[in-house]
2 protein chains.
Amino acid sequence: MAERADARRNHDLIVSVAAEAFAEHGVDTSLRDIARRAGVGIGTLYRHFPTREALVEALLRQRFDRLRARAEELADQPPAEALARWLTDVATGSATYRGLPESVLAALRDETSELHGSCVAMRAAGAELLARAQEEGLVAAGVTPEEVLALAAGLAWAGDRSGIAVERLLALALDGLTPRRR
Amino acid sequence: MAERADARRNHDLIVSVAAEAFAEHGVDTSLRDIARRAGVGIGTLYRHFPTREALVEALLRQRFDRLRARAEELADQPPAEALARWLTDVATGSATYRGLPESVLAALRDETSELHGSCVAMRAAGAELLARAQEEGLVAAGVTPEEVLALAAGLAWAGDRSGIAVERLLALALDGLTPRRR
DNA sequence: ACCTGAACACCGTTCAAGT
DNA sequence: ACCTGAACACCGTTCAAGT
């Protein structure tokens, strides 16, 4: 573990340029372009981040940590509202980078992904809120944390693509489009 | 309008190869590869289908027509069930080619798209079912056909990405994840 | 009227050569 | 220990040259 000063500088430079580029053009922006904008050789980018996912991960770890913390903050609110609010945060947060919902779902399934750990931690935090809501009979017993996250990710994706507010689509799914009276 | 025999043959060849290729690798398969597998110059592919969307459209028009017909068949069933079944058909149909939900939402917004016409027609058919359900108070009044399609497309997308059955995600959204008692 | 493939401007990724 | 950029194998798209 050497920590040479120029290496550290390049690392941080790449991350901050990538943050801009992803926000502008989505998570599939050209890596070559990021290297160019950072004034760094393409090989240097690959040395610091061997895969695109590694770069995404560097930008997302703190975001996921915040969502985990958010779940804990919501723990003292009524279970159904807490779950609804948290899912809204997840979905709207997924909309910051175009292509992000896809990264989340992919990382959740792929144990070798650099994002896997952060995603699993986030899911665990959400699972707590889900379990509480289920204990009180507010959400059907069979629903899994995976299903809930897939729902939020799918609606984040659809919101981005359709121009309809993510919050609106999520509200429809939470209330039910054609709910049976009970 | 000439209709030379070789041109017609090439057209059909490209379409049938594209159907296979899209089913295998999704809607973003290399066009070059399709031309290669069809034994045709890349220029010939571009001559027949000036954009990738034009090629997708050739494959999707009949599918959309079938979905429109399906909506009419369902018209004699109870409104809520009819809508639910139709949305399931839309969502599962969107799963045949990876990347298709994206094409549908894009084409719906882009009036210059070759797919626009077929998408609008399909939406209109769905809008009828939606309106009937709303007249009977089974679906909230403010819900639009666009929102309903975005929901179905988003869950088709999420099902593909998460490995969770589309039908399951859609059922959750139709019943409501955290429905208020009414 | 239609077909062909070279040509151009881009990618992602690797790796020998440099400091 | 790290950086660099040429090199390779691919794209999408256009267009002059052929039949």
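Note that these values count all heavy atoms, side chains included, but never hydrogens, waters or copies made by symmetry. Letters A, B, ... mirror the listed sequences (proteins, then strands); counts begin at 1.
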Please write out each protein N/O paired with an N/O of nucleotides 16-19 of chain D under 3.5 Å, distance rounded to 0.1 Å.
none

Could you list all N or O pairs between the protein and nucleotides 6-9 of chain C that sit under 3.5 Å apart?
from: C:dA7; atom 1: N6; to: B:Arg32; atom 2: NH2; distance (Å): 3.1

By the ring-ring contact (aromatic ring centres under 6.0 Å, His included) test, which pairs, at least two apart or in different chains, include something from residues 114-148 of chain A? none
With sequence neighbours left out, the residues meeting side-chain hydrogen bond (donor to acceptor under 3.5 Å, both in side chains) with A:Ser30 are none
note: B:Arg8, atom CZ; C:dC3, atom P; distance rounded to Å ~ 12 Å
Does B:Thr44 have a side-chain nitrogen or oxygen under 4.0 Å from the phosphate oxygens OP1 or OP2 of C:dC2? no
Residues that A:Glu81 engages under salt bridge (charged side-chain N to carboxylate O under 4.0 Å, His left out), provided they are two or more places apart: none
Are there runs of at least three consecutive Watson-Crick or G-U pairs touching DNA chain C, with each pair's two distances under 3.5 angstrom? Give them by first number. C:4-8 with D:12-16, C:12-16 with D:4-8
Who pairs with B:Asp28 by salt bridge (charged side-chain N to carboxylate O under 4.0 Å, His left out), at least two apart in sequence or on another chain? none
Sorted by number, the residues of residues 47-56 of chain B with heavy-atom contact under 4.0 Å to DNA chain C: B:Arg47, B:His48
side-chain hydrogen bond (donor to acceptor under 3.5 Å, both in side chains) contacts touching residues 122-132 of chain A (sequence neighbours left out): A:Arg123-A:Glu146
Residues passing the salt bridge (charged side-chain N to carboxylate O under 4.0 Å, His left out) test with A:Arg36, sequence neighbours excluded, are A:Asp33
Listed partners of B:Glu24 passing salt bridge (charged side-chain N to carboxylate O under 4.0 Å, His left out), at least two apart: B:Arg37
Short of 4.0 Å, heavy atom to strand atom, which residues of residues 9-22 of chain B count as contacting DNA chain D? none
